[in-house]
Amino acid sequence: MLWPAFNDPVHDSQRLFRQLLQAMAEPGTLEMPRAPEPPREASIGPALWGALLTLCDLDTPLWIASELDSPALREALRFHTGCPITEDSAAAEFALLTSNSLAQGIDFSIGSDAYPNRSITLLIALEHLEASGPWQLSGPGIADRRHLDIGEADGLMARLGANRASFPRGMDAILTCNDRLVAIPRSTRVERTDQEVRPCMSP
Amino acid sequence: MNGYNFAYLDEQTKRMIRRALLKAVAIPGYQVPFGGREMPMPYGWGTGGMQLTASILGADDVLKVIDQGADDTTNAVSIRAFFERVAGVETTTATAAADVIQTRHRIPETPLEPGQILVFQVPIPEPLRFIEPSEQETRLMHALEEYGVMHVKLYEDIARYGHIATTYAYPVKVDGRYVTDPSPIPKFDNPKLHMSDALMLFGAGREKRLYAIPPHTRVESLDFEDHPFEIQAWDEHCALCGSDHSFLDEVITDDVGSRMFVCSDTDYCLLRRGEVA
Amino acid sequence: MYVAVKGGEQAIANAHRLLADRRRGERDQAELDVAQIAGQLRLSVDRVMSEASLYDPELAALALKQASGDLIEAVFLLRAYRTTLPRLAVSEPLDTGSMRIERRISATYKDIPGGQILGPTYDYTHRLLDFLQLAEGEVPTPARAEEALEACPQILDLLNDEGLIEQERDDGSEPYDITRDPPDFPVDRATRLQMLARGDEGYLLALGYSTQRGYGRNHPFAGEIRLGQVDIEIHVEEWDEVICIGEIALSECQMVNQFGGSREAAPQFTRGYGLAFGHNERKTMAMALVDRALRAEELGESVTSPAQQAEFVLAHADNVESSGFVSHLKLPHYVDFQSELELLRRLRKAHEAQRSRAGDPQQKRENVSEEAKATERASKGVHHERL
């Protein structure tokens, strides 16, 4: 069965891009994009499918983690975006993965000090995503602090937290769960706060 | 408009620019090289800002275009007319009513709101360019965070004039990392970059670079302890609205040197005079 | 009373109407037709196509008409149109060796296989105004050879038994495309040649000339200049076949330059290359000189002259970019100018105050020591940065 695409590619992808831009500009805020629903048996939800349709094309090598990979997904990507699917994770511009995939020590590009933009953007499928919880985000785009709960994902958050040490090199992440998405760019400081979330005082 | 895509650029070009914009936002103040396209307007006249606007603009957006703070300067009129023609979007002169504001040389006086996007037209995106003309060299300086030459330049000004003699395109440091050119806005506008509620995008078409300052981001104008950054001030008030806190343009009113001062932000001035519906 | 500048929209519309009127000229004269321009001002058309990177004589002629003959404006019009076109296919590399020759000369060999063919050239015309062209005069049809010329091999390839001339090698890599990605300095030769090919002819001519006058001299000889038609072929994947989709006119210049060589490689002539759409001989010669100058580093020569500095040469070669940025100075800069005025007045006030105090010797000493202190701090790079 062929996966659905945007009804109106020009305007639907523009709207979805603006939500991605907003998510990236204000890390930790949930966006709920209007995106076509992939078939029920698909391994990814509409928010992630919409992001792929919006961002990928002939110029963007995509790497897919085995737990998300399927012939149907590949065919849908080839048909709707034409993006080349690569086995070479280090050459990929986008990577499609789950929160567990990063634990496997996959080699992604984090760019160089001269060209930090030549780096991976992770597109992550999560089981759980809430805008409150143990992970505290701060940095550009965040007036004070924001919080996230993404379920069991210590490895992923540790990896994104390590971005600060390699900055400006790093990886940027778009986290999705069903119809919701949130972004954690490399500029974000990620910390675990195990206390109950309470209204924050100014620092 | 027949024969052209919505907002002029083809979808593949928009996607390329959109991907670059996401990286720009993720690395605040870093200049992302992008495959800038020819626009049907000359390089240097806002083609970078226009490509960014064309890539982010949606059919439901309300667009404002200003040049020198004014909605009615010829180039602002021309760019606004372009987007009316190729995207059919609604336009406005009211800062508060706009979703996207494309600007040349000013940040509006009315504070921007969350969700608004300010798109700057940038002629020379490299703040180190007038100290080091080679792109290879300046790229290395950014990579190594080697910004000493910029401070030497500013300090030489102080030695020579007693002041830092940079009055516009005054360099800033974004989130403590990248020294960035805020485009040729007067340094009067620099404080508005700091912890803004709005997203700010910068496009340099001829130089094929784009960069961003996300909302709520630290933006500091370079200075020294003994010569702190300060903004322009006028003894005069706006002759039309009486403002004592906006950036003023000097207007020559006759041929014997009489002059008056008026707000450069025309929308703000009209608003203060109660002339906006 | 001050009235804010309004009515920009009307002013622009009126300016466009006036411009259209001036372009049309006196109405009792016949209007220029695009086919006439394409047919009779073909060297203008060829230059516009080259610098716009779009081979379309009709549209280049239209651009020239619309631009009232302003070449750079016409290049800009065609470039802005080009950028909206979809990329349907990528051609196979052109084989200029199989060119259907219209003109072909060499300054390095007296006699060459295929012969020296002058073709349509201004070279040996006496530059005397031909007043007959003021009136309508019949032009005789040209003398034609009985048979079409055979394909002529490239001279530099043909006469290289001894290995005297450096050979160009295809390393098979996919060339960078400057129309899709911004040049990333330092750039390789393929990228440089692309940038030179769309570079402004006058600019390249001046730089090439400067190398002849000693600023990066590299002793050039015009090995071969050829002009003619070349097939454009594309590979069709579905059929796995290469098919010809048409032909274009090209000018090519192969410059032979003084020796390179090292401990490992025997000395041999080096080369510079120029290629352009249509009949663009001057451009290709200038391009070849500049190409060779830009190879200085690769060939172990010291980079001392403007034409050898890649970033300088290439970043300023595009006339759509340069004319845009120069002309942008016509846009209002009220705000920046006002900022400078404010500072200047402040500095002058301070200067005045200082002068009036200058009679005081104590003050004079303080001024001097303050300045010395500042300079010392700056040179040591000691700054109390507040960030």
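We name chains A, B, ... by the order of the sequence lines, and we start the count at 1 in each one.
- The number of heavy-atom neighbours closer than 6.0 Å to CG of A:Asn7, taken from other residues, nucleotides and ligands shown, is 12 or below.
- The most heavy-atom pairs under 4.5 Å with chain A, out of B:Asp197, B:Ile213, B:Thr217, B:Leu144, come from B:Thr217.
- Other residues, nucleotides and ligands contribute at most 12 non-hydrogen atoms within 6.0 Å of the CD atom of B:Glu90.
- Ranking B:Leu140, B:Val32, B:Leu22, B:Asp60 against chain A, the residue ahead of the rest is B:Leu22, based on heavy-atom pairs under 4.5 Å.
- Chain B forms the most heavy-atom pairs under 4.5 Å with one residue out of A:His11, A:Glu93, A:Met24, A:Arg118, and that residue is A:His11.
- Shown are B:Arg19, B:Gln31, B:Lys23; of these, the side chain to side chain contact (heavy atoms under 4.5 Å, CB included) with A:Asn117 is made only by B:Lys23.
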- Apply side-chain contact (heavy atoms from CB on, under 4.5 Å) to A:Val10 and B:Glu11, showing your working. CA-CA 7 Å; A:Val10 170; B:Glu11 290 301 301; 3.6 Å; yes
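- The local environment of CZ in A:Arg34 is sparse, with at most 12 non-hydrogen atoms from other residues, nucleotides or ligands closer than 6.0 Å.
- Checked for salt-bridge contact, A:Arg18 and B:Asp61 meet the test: a charged N lies under 4.0 Å from a carboxylate O.
- If you measure heavy-atom distances from A:Ile142 to chain B, the contacts under 4.5 Å come from the backbone alone.
- Within the 4.5 Å cutoff, the side chain of A:Leu21 has heavy atoms near those of the B:Val25 side chain.
- Within the 4.5 angstrom heavy-atom criterion, atoms from both the backbone and the side chain of A:Tyr115 approach chain B.
- Between atom CZ of residue B:Arg15 and atom CG of residue A:Leu53 there is a gap of 9.5 Å, rounded to the nearest 0.5 Å.
- A 6.0 Å sphere centred on CD of A:Glu127 holds no more than 12 heavy atoms belonging to other residues, nucleotides or ligands.
- The shortest distance between side-chain heavy atoms of B:His216 and A:Pro140 does not fall below 4.5 Å.
- Options A:Ala25, A:Ser112, A:Gly139, A:Ser13 differ in how many heavy-atom pairs under 4.5 Å they form with chain B, and the most are formed by A:Ala25.
- Taking all atoms of both residues into account, the shortest heavy-atom contact from A:Phe167 to B:Ile27 is CZ-CG2, 4.0 Å.
- Counting heavy-atom pairs under 4.5 Å between each of A:Gly141, A:Ser187, A:Ser119 and chain B puts A:Gly141 at the top.
- For a residue to count as touching a neighbouring chain, one of its non-hydrogen atoms must lie under 4.5 Å from one of that chain's; by this rule B:Val100 touches chain A with the side chain only.
- Put simply, of B:Gln12, B:Lys14, B:Arg18, B:Glu145, the one with the most heavy-atom pairs under 4.5 Å next to chain A is B:Arg18.
- Here the side chains of A:Pro116 and B:Tyr30 are in contact, with some heavy-atom distance below 4.5 Å.
- Looking at A:Thr188, there are no atoms closer than 4.5 Å to chain B (heavy atoms on both sides), in backbone or side chain.
- Only the side chain of B:Leu199 comes within contact range of chain A, with at least one heavy atom under 4.5 Å from a heavy atom of that chain.
- Between chain A and the residues B:Ala212, B:Ser196, B:Pro28, the most heavy-atom pairs under 4.5 angstrom are made by B:Pro28.
- Across B:Ala24, B:Ala26, B:Pro214, the residue that shares the most heavy-atom pairs under 4.5 angstrom with chain A is B:Ala26.
- Using a 4.5 Å cut-off between heavy atoms, B:Arg177 touches chain A through its side chain atoms alone.
- Minimum interatomic distance between A:Gln14 and B:Ile56 (heavy atoms only, all atoms of both residues): NE2-O, 2.6 Å.
- For a residue to count as touching a neighbouring chain, one of its non-hydrogen atoms must lie under 4.5 Å from one of that chain's; by this rule B:Leu57 touches chain A with the backbone only.
- Taking 4.5 Å as the limit, every side-chain heavy atom of A:Phe17 sits out of range of all side-chain heavy atoms of B:Ser55.
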